[in-house]
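For this chain, numbers begin at 1 and follow the sequence in order.
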Amino acid sequence: MIKVWDGFIRGFHWLLVIGIAVLYVSGDEGWLDLHFVTGYVLLALMVTRVAWGVFGSDTAKLTALFHRPKSVVEALKHKRAHIGHNPAGSMMVLFFFVVIFVQLISGLMTTDDILMDGPLVRYVSYDWVELAGSIHKTNIDILLVGIGVHILAIGLYRIKGIHLLSTLLTGKMRSSDNAPTIKNGLWAYVIFMLVASGILILWGAEPLSALL
């Protein structure tokens with residue numbers, strides 16, 4: 001057994017799952033204070049993931065996510081365990097990075113025209129606010145479709161005998177390949193707490209106090 005995922009990458013995945021679920025339900029139900037606070041925390045989580053993609057473990061590196069199209073096609077065709085994300089999985093990760101950042105940033109420029117404005121609304125024209133609102137509503141559907149495809153892919157890999165979920169839970173897999181360099185994920189959690197605290201102090205004091 002070799003270790004392929006550090007503690008932050010494993011925690012990041014499940015925190016992201018919980019955060020997106022809360023973000024969707026709170027937005028759908030009109031729980032705007034919870035919606036905004038969750039969005040701020042998710043933004044901090046994503047910023048930390050990008051930073052960890054520069055300074056973190058080998059398998060967390062952003063450079064490990066970019067592959068040639070030929071490698072992506074081969075990964076879809078062949079049953080082979082891969083250290084970290086395989087080329088096809090890397091494309092899905094990049095897709096989620098883009099779509100989630102679009103969702104979060106558009107939310108910062110969105111208003112309900114009644115009670116709450118995103119913190120960037122005051123800095124942009126109303127045309128941009130309308131555009132951001134439209135993107136925010138459409139992009140969540142794109143994200144949900146991506147999540148459906150992701151779950152389907154995990155199921156197909158499970159049928160092939162590749163246990164992606166168990167590897168993500170334990171951080172370990174059976175392989176004769178050399179183990180990647182794994183760094184202590186605690187440092188990433190420290191970064192996450194600092195970034196989240198900064199964003200909540202800057203933008204989230206009002207909705208957070210309403211929740212508390």
Side-chain angles (χ1 to χ4, degrees), residues 8-9 11-54 62 65-66 85 89-154 188-189 191-212:
F8 174 71
I9 292 298
F12 165 81
H13 181 274
W14 301 114
L15 288 172
L16 194 63
V17 170
I18 294 170
I20 290 174
V22 173
L23 202 66
Y24 179 79
V25 172
S26 61
D28 195 50
E29 294 293 332
W31 302 333
L32 295 184
D33 292 313
L34 178 60
H35 189 72
F36 272 87
V37 169
T38 304
Y40 295 146
V41 173
L42 279 180
L43 180 60
L45 187 66
M46 292 299 296
V47 169
T48 304
R49 176 62 182 90
V50 171
W52 197 239
V54 177
L62 297 178
L65 298 175
F66 293 91
H85 293 294
S90 295
M91 294 299 99
M92 182 61 74
V93 172
L94 291 172
F95 164 81
F96 279 126
F97 276 16
V98 171
V99 175
I100 292 171
F101 268 121
V102 167
Q103 190 66 18
L104 295 174
I105 293 171
S106 64
L108 298 177
M109 295 185 287
T110 299
T111 178
D112 67 349
D113 289 318
I114 302 174
L115 296 174
M116 298 189 71
D117 294 338
L120 300 184
V121 167
R122 70 184 72 177
Y123 303 111
V124 298
S125 69
Y126 192 72
D127 287 341
W128 277 99
V129 172
E130 285 191 318
L131 177 61
S134 177
I135 291 173
H136 199 66
K137 292 177 181 178
T138 302
N139 191 71
I140 188 64
D141 293 329
I142 297 173
L143 176 57
L144 292 176
V145 170
I147 291 171
V149 172
H150 182 56
I151 293 172
L152 178 61
I154 291 173
Y189 284 112
I191 295 171
F192 169 55
M193 293 302 295
L194 291 173
V195 175
S197 297
I199 292 176
L200 288 172
I201 290 171
L202 180 63
W203 292 333
E206 185 176 342
L208 185 59
S209 63
L211 290 176
L212 299 177

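Minimum interatomic distance between L208 and L200 (heavy atoms only, all atoms of both residues): CD2-CD1, 4.5 Å. The minimum heavy-atom distance between G39 and L23, with the atom names listed, is N-CD1, 3.6 Å. Residue Y189 comes nearest to G11 through the heavy atom pair OH-CA, 3.3 Å, listed as atom of the first residue, atom of the second, then distance. Between P119 and Y40, the closest heavy-atom pair is CD-OH, 3.3 Å. For the residue pair M92 and G146, the shortest heavy atom distance occurs at SD-O, 4.2 Å.
Atom-to-atom distance recorded for L194:CG and T48:OG1 is 9.0 Å, nearest 0.5 angstrom. Remark: D28 CG to H35 NE2 distance equals 10.0 Å, nearest 0.5 Å. To the nearest 0.5 angstrom, I9 atom CD1 is 13.5 Å from W14 atom CH2. Atoms OG1 and CG, from T38 and L32 in turn, are 11.0 Å apart once rounded to the nearest 0.5 Å. Expressed to the nearest 0.5 Å, how far CG of N139 lies from CD of Q103 amounts to 4.5 Å. Atom CE in M46 sits 4.5 Å away from atom CZ in F101 (nearest 0.5 Å).
The residue from V99, L65, L62 that alone fulfils the side chain to side chain contact (heavy atoms under 4.5 Å, CB included) condition with L94 is L65. Residue I147 forms a side chain to side chain contact (heavy atoms under 4.5 Å, CB included) with just one option from I151, V145, V149, and that option is I151.
Taking the side chain as every heavy atom from C-beta outward, L108 and L104 never approach each other to under 4.5 Å. Put simply, the side chain of L143 reaches to within 4.5 Å of the side chain of F96, judged on heavy atoms. Proximity of F192 to V41: side-chain heavy atoms (C-beta onward) are separated by under 4.5 Å at one or more points. Contact annotation: the side chain of L42 never approaches that of V22 to less than 4.5 Å [non-hydrogen atoms, C-beta and beyond]. A 4.5 Å side-chain heavy-atom check between I100 and L16 finds at least one atom pair inside the cut-off. Side-chain contact check for F36 versus E206: every heavy-atom pair is 4.5 Å or farther apart.
By the neighbour-count criterion of 12 heavy atoms within 6.0 Å, atom CD of E130 is densely surrounded, having more than that number from other residues, nucleotides or ligands. For Y24, the OH atom is loosely surrounded, since the number of other residues' heavy atoms within 6.0 Å does not exceed 12.
Ring-plane geometry between H13 and H150 is classed as tilted, the angle between the planes lying from 30 to 60 degrees on a 0 to 90 degree scale. The aromatic rings of F8 and W52 sit perpendicular to each other, their planes meeting at more than 60°, with 30° as the lower class boundary.
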